[in-house]
Amino acid sequence: MSETTPETLQYRLDGPDDAPVLILGPSLGTTWHMWDRQIPELAGTWRVLRFDLPGHGGAPAHPVDSVQGLADRLLATLDELGIQRFGYAGCALGGAIGADLALRHPQRVASLALIAASPRFGTADEFRQRGVVVRTNGLDPVSRTSPDRWFTPGFAAAQPAITEWAVQMVRTTDPGCYIAACEALASFDIRAELGRIGVPTLVLVGSEDQVTGPAEARTLVAGIPDARLAVVPGASHLAPVEQPAAVTDLLVHHFSTAWTEAHVALSAPAPVPVLGAPASGARGPIAEIAPVEGPEQGAGGRPDPYEIGMKVRREVLGDAHVDRALEGSDAFSEDFQELITRYAWGEVWARPGLDRRMRSAVTLTALVAAGHLEELAFHTRAALRNGLTPDELKEILLQTAVYCGVPAANAAFRVARTVIREETTPRE
């Protein structure tokens, strides 16, 4: 346990004193106890540090209204303890803190796990509105709805004690600190910076997460160069609580195999768990880290671009769009679908010479020039997925007004504005 100052965080340490340090970061409204069921296994290999957000779990109420500010307080805490390099796993807001550390202090983060995370959490208005609710009515309304956001309905009904624990965690949080944390999430947006995260990263998400679900996880995996995806079946937002065994297995697997420094493993040589079927239902659903496989070889030993093309196409356009295109194909059009997958996406979009933001900018300009407004709509969505902001899209279209003509840009603005509104308006 710890004593804190306004510049540090409340923390707890478990595990051997001389073991490598693994940090576990909490979600908004939770305490370090959300990780209780991971500790027995993780603390056998690592020195596990858990921390509380300001005003959470009885921690002193020193509000912080930015993710960067929370990361700075964590670093100050680690500096006091003499901890320089560490592995980091964080859930939701805790994941945002880990991503910020990997971006601003890459020399200190050995390996990263982002759980129920996103490069941008909803919209700023959503979290600022939640802050208004708390400021006006206190935390009771938010606490009552937390189980609906955090757990699947079946789990919440079957585990009333855990459901009540979740309600009490939120209810006993300091309101001012909760509002400040909402502001931190409102202003967090690293979509344009994902490519700079240079550490091995596990992106873990519950299959039933309605807050930051598989779509957000795939955006992270598409943007982070060395990232793997794991989807935990039967879990919602607080997957470490709802499916503790599956999450623990995935974390042990990731940090035992990906955590290296100068090609020497920092962790003790722990056996990698076999992620097979659970024994007689005792451990619950098991998730697996999606493997990164080499492309199939084509003629002359050259990699066949079809598989990588399908991967890139799905990452840029989204599964729903690609599925609709493939399902709508028939004997007449299926060869065309293969052609664009293989050559447009597997050859050109997969080339390393330009990043995806730049390729989106070039594509949008070409579509405006040619007047292809239908394709402009779904490539505008793709550009948002690739990390371009609405303000950057506006600048691109202003540029097209000069070089492609005002009428073409006028039509493009109408299309892009509609798409941006659809993609940034909170869904009921």
Side-chain angles (χ1 to χ4, degrees), residues 23-38 50-51 53 56 67 70-71 88-102 112-123 126-127 130 142 145-153 155-156 162-163 166 169-170 178 181-182 184-186 188-191 194 197 201-224 227-251 254-255 284-285 287-290 427:
I23 297 172
L24 302 179
S27 174
L28 171 64
T30 72
T31 72
W32 66 44
H33 289 295
M34 68 163 282
W35 297 103
D36 279 352
R37 295 177 72 181
Q38 279 70 47
R50 292 178 283 170
F51 65 90
L53 299 166
H56 291 59
V67 170
L70 290 166
Y88 186 97
C91 183
L93 177 53
I97 294 170
D100 180 82
L101 291 171
L112 182 65
L114 303 177
I115 301 168
S118 177
R120 182 189 67 168
F121 290 82
T123 67
E126 290 178 65
F127 285 100
R130 193 186 301 183
V142 175
T145 60
S146 291
D148 296 335
R149 294 192 300 273
W150 289 353
F151 307 125
T152 59
F155 179 86
I162 293 179
T163 302
M169 259 197 311
V170 179
Y178 189 96
C182 286
L185 286 170
F188 180 77
D189 187 349
I190 59 167
R191 289 174 296 167
L194 291 177
I197 295 179
T201 302
L202 171 66
V203 178
L204 191 157
V205 64
S207 63
E208 309 306 314
D209 191 344
Q210 302 300 309
V211 181
T212 48
E216 286 83 357
R218 291 189 179 97
T219 300
L220 288 169
V221 172
I224 298 172
R228 305 285 183 91
L229 175 65
V231 180
V232 179
S236 187
H237 195 56
L238 283 195
V241 176
E242 190 163 4
Q243 297 294 347
V247 171
T248 302
D249 284 349
L250 289 164
L251 293 179
H254 175 66
F255 287 109
E288 292 188 359
I289 300 174
R427 291 173 172 78

Under the criterion side-chain contact (heavy atoms from CB on, under 4.5 Å), I'd like the reasoning laid out for S118 against T219: C-alpha separation, chi angles, the key distance, then a yes or no. CA-CA 8 Å; S118 177; T219 300; over 6 Å; no
May I have the step-by-step check of side-chain contact (heavy atoms from CB on, under 4.5 Å) for F155 and L238, ending in yes or no? CA-CA 11 Å; F155 179 86; L238 283 195; over 6 Å; no
In terms of side-chain heavy atoms, does S236 have a donor or acceptor partner in E242 at a distance below 3.5 Å? no
Separation of T201 OG1 from L194 CG (nearest 0.5 Å): 9.5 Å
Which is it for R228 and L250 under the side-chain contact (heavy atoms from CB on, under 4.5 Å) test, yes or no, and what are the steps along the way? CA-CA 11 Å; R228 305 285 183 91; L250 289 164; over 6 Å; no
Heavy-atom closest pair (T152 atom, A235 atom, distance to 0.1 Å) is CG2-C, 4.1 Å
Out of curiosity, Q243 CD to T248 OG1, how far, rounded to the nearest 0.5 Å? 11.0 Å
Can you find a pair of side-chain heavy atoms, one from L185 and one from R130, that are under 4.5 Å apart? no
Minimum heavy-atom separation for V67 to A96, with atom names? CG1-O, 3.5 Å
Spatial distance of atom CD1 (I162) from atom CH2 (W150) [nearest 0.5 Å]: 12.5 Å
Does anything in residues 210-222 form a salt bridge (Lys or Arg N to Asp or Glu O under 4.0 Å)? List the pairs, not counting sequence neighbours. R218-D319
Minimum heavy-atom separation for V241 and R37, please, with both atom names. O-NH1, 4.0 Å
For G25 and Y88, which heavy atoms make the closest approach, and how far apart are they? CA-OH, 3.7 Å
Indicate yes or no for a side-chain donor-acceptor contact from Q38 to the backbone of P240 under 3.5 Å, with no hydrogens or angles considered. yes
Donor-acceptor pair, distance only, cut-off 3.5 Å: does the side chain of S207 make one with the backbone of G234? yes
Would you check if the side chain of R120 reaches a backbone N or O of G122 as a donor-acceptor pair within less than 3.5 Å? yes
Indicate yes or no for a side-chain donor-acceptor contact from T163 to the backbone of A156 under 3.5 Å, with no hydrogens or angles considered. yes
Do the side chain of H254 and the main chain of L112 share a donor and acceptor less than 3.5 angstrom apart? yes
Nearest 0.5 Å please: distance from the CD atom of Q210 over to the CG atom of D148. 11.5 Å
Under the ring-ring contact (aromatic ring centres under 6.0 Å, His included) test, residues paired with F121 that sit two or more places apart: F188
Measure the CG-CG distance between D100 and L70 for me, rounded to the nearest 0.5 Å. 9.0 Å
How far apart are the closest heavy atoms of L53 and S27, and which atoms are they? CD1-O, 3.8 Å
Contact check, side chains of L93 and P26, non-hydrogen atoms, under 4.5 Å: no
Is the backbone of W32 close enough, under 3.5 Å, to the side chain of R50 for a donor and an acceptor to pair up by distance? yes
When you measure from the side chain of H56 to the backbone N and O of T30, does any donor-acceptor pair fall under 3.5 Å? no
Closest non-hydrogen contact found for T212 with D209 is O-OD2, 2.8 Å
Would you compute the distance between atom CD1 of I197 and atom CG of L114 and round it to the nearest 0.5 angstrom? 6.5 Å
